Protein chains: 2
Amino acid sequence: MDSSDQLDATFSALAHPARRAILARLAQGEATVNMLAEPFEMSLPAISKHIRVLENAGLIKRGRHAQFRPCTLDTKPLQDIANWTDQYRPIWDARFDAMDQLLNQLKDPHHD
Amino acid sequence: MDSSDQLDATFSALAHPARRAILARLAQGEATVNMLAEPFEMSLPAISKHIRVLENAGLIKRGRHAQFRPCTLDTKPLQDIANWTDQYRPIWDARFDAMDQLLNQLKDPHHD
DNA sequence: TGATTAATTAACGCATTAGTTTATTAGTGG
DNA sequence: CCACTAATAAACTAATGCGTTAATTAATCA
């Protein structure tokens, strides 16, 4: 999987509220599939599939203890998308700077 | 559109390499649909649809000059996803801290 | 006006996604 | 062994996504 495919998989995995909620839950610590499913109206197989999607994107890792498959968060792909968005930070900073300048001008009318 | 739907739309829009490439091009400045389409093998209508997806996600704004519909980048949704990923930053920082500690221990074996 | 250019819409095919219910695998423990 | 729990697989439906080609809208310009 090249890095573009990896970004595809990550963005696509994050494009569903249930999957983002699962990640938020895992930020609190390890959890089983049933624990993860509990807050949702959805069936267990549906959650199982969402977990699979997250796992394929590398966002979660899984262990085995007895008949449980505990899930843990892996933040690596999140760091990758953070780095990706950082490409654009100069642009929104630039706009902010322009706004900042404008505000300063308004506050300090001695400038021309 | 609530903020979760907005995130859905943004992540989903970013989950395609052509759309990310279009954003990268627009980071250089305004461009028409034909200009945006030029680097791709895809048909023009296909690009037109990708642009529509980006526009619906709020990632681009469009103008009108004669028969052209120039596109410009709007970074607001990118800032939103940057803020979203920042939720998880403490976690990967924590892991980095743990790794850092471990490395220090290895370098400095006087610790117990 | 008629030809040309820019872009979108329409109509279609095909693959993928998201959910369901039912069935199955695999491990625990009486 | 049998019953129970955790989780996945199978099979299906409905909706969405991504691409195509052909047709259409809208503006320019000779």
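Proteins come first, then strands; the chains are lettered A, B, ... in the order of their sequence lines, and each starts at number 1. A quick note: this is a predicted structure, and the numbers were derived from the prediction, not measured.
With distances taken from any side-chain atom of A/P45 to the nucleotides C/dA7, D/dA27, D/dA9, the minimum falls on D/dA9. Checking D/dA7, C/dT8, C/dA6 against every side-chain atom of A/R69, the shortest atom distance belongs to D/dA7. Nearest to the side-chain atoms of B/Q67 among the listed nucleotides D/dT28, D/dT8, D/dA6 stands D/dT28.
Residues forming a side chain to side chain donor-acceptor pair (under 3.5 Å) with A/D80 (at least two apart in sequence, or on another chain): A/K76.
When rounded to the nearest whole Å, the span between NE2 of A/H65 and C1' of D/dT5 equals 17 Å. Taking atom CG of residue A/L44 and atom C1' of nucleotide D/dA10, one finds them 15 Å apart after rounding to whole Å. Distance, A/E55 CD to D/dA9 C1': 15 Å, rounded to whole Å. Note: CZ (A/F40) to P (C/dA18) measures 13 Å, nearest angstrom. Going from atom CG of A/D8 over to atom C1' of C/dT16 covers 14 Å, rounded to whole Å. Summarising the geometry, the separation between CD1 on B/I51 and P on C/dA7 is reported as 8 Å, rounded to the nearest angstrom. The CD1-C1' distance, from B/I47 to C/dT8, rounds to 14 Å in whole Å. For the pair B/F68 CZ and D/dA27 C1', the computed distance is 9 Å after rounding to whole Å.
Counting only distance, with no hydrogens or angles, the side chain of B/R25 and the backbone of B/P39 share no donor-acceptor pair below 3.5 Å. Checked by atom type and distance alone, the side chain of A/R19 pairs as donor or acceptor with a backbone atom of A/A13 at under 3.5 Å. Not one N or O on the side chain of B/T75 forms a donor-acceptor pair closer than 3.5 Å with the backbone of B/L78. Between the side chain of A/Q6 and the main chain of A/A57, a donor-acceptor pair closer than 3.5 Å is present. A donor-acceptor contact shorter than 3.5 Å links the side chain of A/R20 to the backbone of B/S4.
Phosphate proximity of D/dG19 to B/S43: absent, as no side-chain N or O sits under 4.0 Å from OP1 or OP2. Look at B/N34 and you won't find any side-chain N or O under 4.0 angstrom from OP1 or OP2 of C/dT5. Contact between the side-chain N/O atoms of A/R62 and the OP1/OP2 oxygens of D/dT8 is found at a separation under 4.0 Å. Contact between the side-chain N/O atoms of B/S48 and the OP1/OP2 oxygens of C/dT8 is found at a separation under 4.0 Å. Distances shown here put a side-chain N or O of A/R52 below 4.0 Å from the OP1 or OP2 atom of D/dA9.
Taking the six-membered ring where tryptophan is involved, the planes of B/F11 and B/W84 are perpendicular, since the angle between them exceeds 60° and thus also 30°.
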Any N/O pairs under 3.5 Å between the protein and nucleotides 16-18 of chain D? List them or say none.
unit_1	atom_1	unit_2	atom_2	d
D/dC18	OP1	B/R19	NH2	3.4
D/dC18	OP2	B/R19	NH1	3.2

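Residue-to-nucleotide proximity on DNA chain C shows that, of A/A46 and A/R64, the 5′-proximal contact is made by A/A46.
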